[in-house]
Structure formats: structure tokens, C-alpha cells
Enquirer: 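Dumping the structure here so I can ask a few things about it.
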Amino acid sequence: MEKKVSNHEIAEVFNEIADILDLKGDNVFKIRAYRRASQLIESLEKPLNEIEELESLPGIGKELAEKIRILLRGEPLPTLEKLRKEIEPGLLQLLKIRGLGPKRVKTLSEKLGVKELEDFKRVIEGEEILELPGFGKKLVEDLKKGLSEFQEYSRRTRLDIAKAEAEELVEYLGKIKEVLKIEVAGSLRRRLETIGDIDILVTGRNAKRVMEHLVNYPKVKEILAQGETKSSVVLKTGIQVDVRFFAPKCFGAGLQYFTGSKAHNIAIRTIAKQKGLKISEYGVFRGKKLVAGKSEQEVYQALGLDYIEPEMREDRGEIELAREKRLPRLVELKDIKADLQLHSNWTDGRNPIEESAEKAKQIGYQYIAITDHSKSQYQAKGLDEKKLLEEFKEIDNLNQKLKGVEILK
DNA sequence: GCCGTTTTCGGCCCGACTGTTTTCAGTCG
Ligand SMILES: Nc1nc2c(ncn2[C@H]2C[C@H](O)[C@@H](COP(=O)(O)OP(=O)(O)OP(=O)(O)O)O2)c(=O)[nH]1
Ligand SMILES: [Mg+2]
Ligand SMILES: [Mg+2]
């Protein structure tokens, strides 16, 4: 039987290639091409082996398509095999430590013979490291913190957990009068399933005051950076929070930037450039003149694009659709008309049927279906014939009683 | 490595914060 190679595995390969090239100091644009491909593949819903024309994917050309085909066949990739021999493989994990990028890892490797994590743990406690160019006392202290976070926390957080954490922080931030408006941005706003960090955008009168308020949040464990427009902290849960402050006149451009994704940003900035414009988080500019920035709609409009919902901003073809006015309408909560899979407290469900029906009506459902287990599922308190008929009777009665929602059985 | 109604070669997004820097590299968003 043929071994199935997942999109994730292929994305990992391209990311590893990018990391190795980075350590070797290779061409930054080539590295970006590998990283972009990795990100794209990670975000695809369809398995790569079901995609007819790999070259039609944005950022996938002849070379990468061929490499994907090799990997899909389950064969080793010569490029990767060769690159792996050129560096110490143990160095790759060091890149995940905050504060350690390719240049510093390279220095540690060349000057102190660091080959892997264990070596780094040793030299970070020693004196030699302070002799290295660019490695001062403060940096070494920061790297120690980066190391302990790397060992302590998992890399990404589930959306629901991050969302709750973000809402709590937003409420706290809003307490001071200098804050006018707060928006959650980044992958949380794009509703990815997992979140790398919480990105929050604030507008108001006094940036300094806002940043002071942020670092005084009781759940802050560590301050990574605190500047005039941008600060980063780590919460006690290990989740990182990035906060950016903007004046109201560039709030839209700021939100557009901070929502991302990175690939989407690069794509729209490239389009702007072709049109003789420049986009940054401060607005859309023609020369020095600000032409858009108050709202996100303005930003997209300035590029001749329809507004793109955050959930679609992944540079997977949404920009082309926006240009052609062919973007799909996303399903919203109000579009959901029914729930056809509900258990009740007649079996293993938590709520009485009436409560579920009332709630359904409240959130705008037209009908629900009760699908309790039958007696073949005795471990889930499945109903026998007699009980089932009794339940049907209750449902009939409820349907008489309740208006505006129907219960199916 | 990718890409193109300005290009098939020569570009490739733009900016903030920090430390050790005497003018900016490195890392990160
Ligand atoms: N233009 C531009 N914007 C960037 C870049 N890196 C990050 N951004 C913007 C877009 C991102 O969505 C946003 C927040 O950065 P993050 O690193 O937190 O990424 P994001 O939240 O998308 O994903 P995450 O779940 O945190 O890994 O900042 C960049 O290199 N260029
Ligand atoms: Mg983020
Ligand atoms: Mg972030």
C-alpha cells in the first residue's frame, strides 16, 4: 500500500529547508518563497495529491511543484537530504527560541561550537558568550527567558481559549479613559483554529499611558518590549500578547495590517506598489499624500478591491476574487436555520427538551431535531420502545405549547 | 524560488523595538 503524505508533512519539509537556508545565509527571497509555500500548504483544505495543477497555487512554481510531487510519491527529497548534511541538525530547534534568529545561532555555532539545545543551555550560563560580538548582559538574560519559555509552553493555543483570554484583557484595557477603541486582530480575528499569540489594536489619546496600563495588567508575567506604538508581554498562561497603538485617522489601515495574514499583507502591498501606491500600517499613500486609512473598506477600495472578510485573508486566491467582485458571502450565525443533532436529558444530554427549544428560538433557529439514543446504546441511557413513545408525546405537547420553533422527532 | 497587459530578468512589503551600536544589525510584527 502507498504511504499517504499529508500536507502538514510537506509544509514541514519546506519550512525545514527555509530554516537551513537561513542558517547558511542564503538568498532571503528564496527563503521567503519556501516559507510562503509552507504556510500556503499548511492552510490548504484540500490534500495536495487531489490538486491537479500544483503550479496554479500562488507561490508554487515549477521547482516547488516538482518537489511536492516527489514528496507525494513518498520519496526522499534530494534537496533536503543534501542541505541536512551542510549544517548541524540540532541547530534548527534553537531558531524557535525567542531572540535567537539565524545570525545569532550561526555565531553561537561558529564561535562556541554549539551544536544543539543542550550546548546552548550550557553556554548561556557561562562567561564566554558575553565575549561574542553583539551578545551583552541584557541580551543573554533575555535569551535565558526565551529558553525557559521554549521549554515550558506549547507553541499554539486553541481558538476558544485564546478568545476568552483576549476578551478578559480587552475589558481590562478599556477601563482607562485614554482608550477610545479596541479591536482584536491577528489570527484570532481571522478565526484560525489555533492561535500563536493575541494581537490587540488600540486607538486613543495617549499611547504611553495605554502601554503603561497594559504592562500593569495583573496577569502579565513578563514584558518583552514596551515602545510608543507597540508593546509585547507574556501572560502567566504563557500566551504572548502584542498590542499596537494607532491614531484614529489610521485605525483602518492599522487594523488591516494587524489582521494579516502576513502573506495577504505582502500580496496587497505588492499590488499597491504596482499601482504607484504604498501601503503601511499608517495608511495608503500616493507619494507623501495619505489617500486612505480611516477604515479597512477604504484601504481595499483604494486598491480597487471589494472588502475581504478577515476569515479569507490568507493569500489563497481571495485577492483575485475581490478584484473580480466574485468573493463568496460567508455563512453567518443568522444563516443557520436549525440544529438536527440534539440529545436531551431523556438520555445522555444535559438539558430538558423545552430548554433547548427555547434557546433555539432565542438564537433564531426555525426548528431542531431531537436525536436521543435508542436502547441499543444502553451505556448512553438509550430509550426503549415505551420510553421513546413517552418522549414523542412530550415533544408533541411542546410543539403545541411553543410558538416560533418546531421540534422534530 | 516565484513571477510578469510596464518585465522572461531583476525585482521581491514595510516598519517597530532593543542592545551595544558610535550609526545599525538582528529579530520580530
Ligand atoms: N506587512 C507585514 N505584516 C506582518 C508581518 N508579520 C506579521 N504581520 C502582521 C500580519 C499578522 O497577521 C499580524 C500579527 O502577527 P502575528 O505574528 O501575531 O501573526 P498571526 O496573528 O497572523 O498568526 P499567529 O497565530 O499569531 O501565529 O501582523 C510582516 O512581515 N509584514
Ligand atoms: Mg498573532
Ligand atoms: Mg503577534
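Convention: sequence-line order gives letters A, B, ...; per-chain numbering from 1.
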Enquirer: Please determine if a side-chain N or O atom of Q226(A) lies less than 4.0 Å away from the OP1 or OP2 oxygen of dA16(B).
Expert: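 So the side-chain polar atoms of Q226(A) never come under 4.0 Å of the phosphate oxygens OP1 or OP2 of dA16(B).
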Enquirer: Got more than 12 heavy atoms from elsewhere within 6.0 Å of NZ, K387(A)?
Expert: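 No.
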Enquirer: Between atom CD1 in I266(A) and atom P in dC28(B), what is the gap in whole Å?
Expert: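 Computing the I266(A):CD1 to dC28(B):P distance gives 16 Å.
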Enquirer: Can you tell me if R155(A) has over 12 outside heavy atoms packed within less than 6.0 Å of its CZ?
Expert: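 Yes, the 6.0 Å shell around CZ holds more than 12 heavy atoms from other groups.
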Enquirer: Start at the 5' end of DNA chain B and walk down; is the nucleotide closest to L224(A) or to R269(A) reached first?
Expert: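 The 5'-side residue here is R269(A).
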Enquirer: Nearest to the side chain of R104(A), which nucleotide is it out of dC13(B), dC17(B), dT27(B)?
Expert: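 Taking heavy atoms from C-beta onward, the closest nucleotide is dT27(B).
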Enquirer: Expressed as a whole number of angstroms, how long is the span from M211(A):CE to dA16(B):P?
Expert: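 Value for this atom pair: 12 Å.
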Enquirer: In whole Å, what is the span from the CZ atom of F245(A) to the P atom of dA16(B)?
Expert: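 For the pair F245(A) CZ and dA16(B) P, the rounded distance is 14 Å.
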Enquirer: What is the separation between atom CD on Q39(A) and atom P on dG1(B), rounded to the nearest whole Å?
Expert: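 Distance check: Q39(A) CD to dG1(B) P gives 19 Å.
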Enquirer: Classify the ring geometry of Y217(A) against Y172(A): parallel below 30°, tilted from 30° to 60°, perpendicular beyond 60°.
Expert: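 Correct class here is tilted.
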Enquirer: Counting the atoms with a prime plus P, OP1 and OP2 as sugar-phosphate, which does I31(A) contact under 4.0 Å by heavy atoms, base, sugar-phosphate, or nothing?
Expert: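 Touches nothing.
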Enquirer: Checking all strands, does D242(A) fall into the base, sugar-phosphate, or nothing category for heavy-atom contacts under 4.0 angstrom?
Expert: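 Sugar-phosphate only.
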Enquirer: Which value, in whole Å, describes the distance between the P atoms of nucleotides dG10(B) and dG15(B)?
Expert: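 These two P atoms come out 26 Å apart once rounded.
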Enquirer: Around atom CD of E311(A), are there more than 12 heavy atoms of other residues, nucleotides or ligands at under 6.0 Å?
Expert: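 Check passes, neighbour count above 12.
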Enquirer: When you check the phosphate oxygens OP1 and OP2 of dG1(B), does a side-chain N or O of K67(A) lie under 4.0 Å from one of them?
Expert: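 Affirmative; the distance criterion is met.
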Enquirer: Considering only atom C1', compute the distance from dC3(B) to dT8(B) and round it to an integer number of Å.
Expert: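 Going atom to atom, C1' in each nucleotide, I get 9 Å.
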Enquirer: Please report the distance separating the C1' of dT21(B) from the corresponding atom of dG26(B), rounded so that it comes out in whole Å.
Expert: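 The same atom, C1', in both gives a distance of 12 Å.
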Enquirer: By the 4.0 Å heavy-atom rule, please label P102(A) as base, sugar-phosphate, or nothing.
Expert: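 Answer is sugar-phosphate: P102(A) comes under 4.0 Å of backbone atoms only.
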Enquirer: Any luck finding a side-chain donor-acceptor pair between H8(A) and E42(A) under 3.5 Å?
Expert: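 Indeed, the side chains of H8(A) and E42(A) share at least one donor-acceptor pair under 3.5 Å.
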Enquirer: Under 4.0 Å from OP1 or OP2 of dC17(B): is there any side-chain N or O of T229(A) that close?
Expert: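 Yes, within the criterion.
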Enquirer: How many Å lie between CZ on R35(A) and P on dC2(B), as a whole number?
Expert: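 Value for this atom pair: 16 Å.
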Enquirer: What interatomic distance, in whole Å, is found between P of dT18(B) and the corresponding atom of dC9(B)?
Expert: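 Result for the P pair: 45 Å, nearest Å.
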Enquirer: Could you walk me through whether L383(A) and T347(A) pass the side chain to side chain contact (heavy atoms under 4.5 Å, CB included) test, one step at a time?
Expert: CA-CA 7 Å; L383(A) 303 171; T347(A) 60; 3.6 Å; yes
Enquirer: Counting only heavy atoms not in E152(A), do more than 12 fall under 6.0 Å of its CD?
Expert: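 For E152(A), atom CD is crowded (more than 12 foreign heavy atoms under 6.0 Å).
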Enquirer: Taking CZ from F135(A) and C1' from dT18(B), how many angstroms apart are they, rounded to a whole number?
Expert: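 The answer, rounded to whole Å, is 14 Å.
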Enquirer: dA16(B), OP1 or OP2 - any side-chain N/O from Y257(A) closer than 4.0 Å?
Expert: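 So the side-chain polar atoms of Y257(A) never come under 4.0 Å of the phosphate oxygens OP1 or OP2 of dA16(B).
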Enquirer: The side chain of R244(A) lies closest to which of these nucleotides: dG19(B), dA16(B), dG29(B)?
Expert: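 Taking heavy atoms from C-beta onward, the closest nucleotide is dA16(B).
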Enquirer: Using whole Å, report how far NZ of K262(A) lies from P of dC13(B).
Expert: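 Spelled out: NZ on K262(A) to P on dC13(B) is 10 Å.
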Enquirer: Only pairs with both distances under 3.5 Å count, Watson-Crick or wobble alike; so what is the partner of dT8(B) in this structure?
Expert: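 Partner of dT8(B): none.
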Enquirer: Take atom C1' in dA25(B) and the same atom in dT20(B), then report the distance between them in whole Å.
Expert: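 Taking atom C1' in both dA25(B) and dT20(B), they lie 11 Å apart.
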Enquirer: Tell me which nucleotide among dA16(B), dT18(B), dC13(B) gets nearest to the side chain of Y282(A).
Expert: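 Among the listed nucleotides, the one closest to the side chain of Y282(A) is dA16(B).
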Enquirer: Under 3.5 Å, is there a donor-acceptor pair linking the side chains of Q256(A) and Y300(A)?
Expert: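 Their side chains do contain a donor-acceptor pair, which is all the 3.5 Å distance test asks for.
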Enquirer: Answer yes or no: is there a side-chain heavy-atom contact under 4.5 Å between R244(A) and E281(A)?
Expert: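 The answer is yes; the side chains approach within 4.5 Å.
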Enquirer: Quick check on dG26(B): is either OP1 or OP2 less than 4.0 Å from any side-chain nitrogen or oxygen of K106(A)?
Expert: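 So the side chain of K106(A) is outside the cut-off, no N or O lying under 4.0 Å from OP1 or OP2 of dG26(B).
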Enquirer: Taking the same atom, P, in dT5(B) and in dC12(B), what whole-Å distance lies between them?
Expert: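 It works out to 16 Å between them.
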Enquirer: At under 4.0 Å, does any side-chain N or O of K230(A) touch on OP1 or OP2 of dG29(B)?
Expert: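 Result: no.
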Enquirer: Are more than 12 heavy atoms, taken from residues, nucleotides or ligands other than R158(A), located less than 6.0 Å from that residue's CZ atom?
Expert: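 No, the 6.0 Å shell around CZ holds no more than 12 heavy atoms from other groups.
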Enquirer: For L132(A), which contact category applies under a 4.0 Å heavy-atom criterion: base, sugar-phosphate, or nothing?
Expert: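 If one applies the 4.0 Å heavy-atom cut-off, L132(A) turns out to touch nothing in the nucleic acid.
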Enquirer: Can you check nucleotides 3-11 of chain B for protein contacts, nitrogen or oxygen pairs under 3.5 Å, and list what you find?
Expert:
residue	atom	partner	partner atom	Å
dC3(B)	OP1	G59(A)	N	2.9

Enquirer: Pick the closest DNA chain B nucleotide for K30(A) and for G101(A) by heavy atoms, then say which residue is nearer the 5' end.
Expert: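 Residue closer to the 5' terminus by nearest nucleotide: K30(A).
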Enquirer: Could you tell me the separation between the NZ atom of K278(A) and the P atom of dC12(B), rounded to a whole number of Å?
Expert: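 From K278(A) NZ to dC12(B) P: 14 Å.
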Enquirer: Nearest to the side chain of K103(A), which nucleotide is it out of dC12(B), dT27(B), dG1(B)?
Expert: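 Between dC12(B), dT27(B), dG1(B), the one nearest the side chain of K103(A) would be dT27(B).
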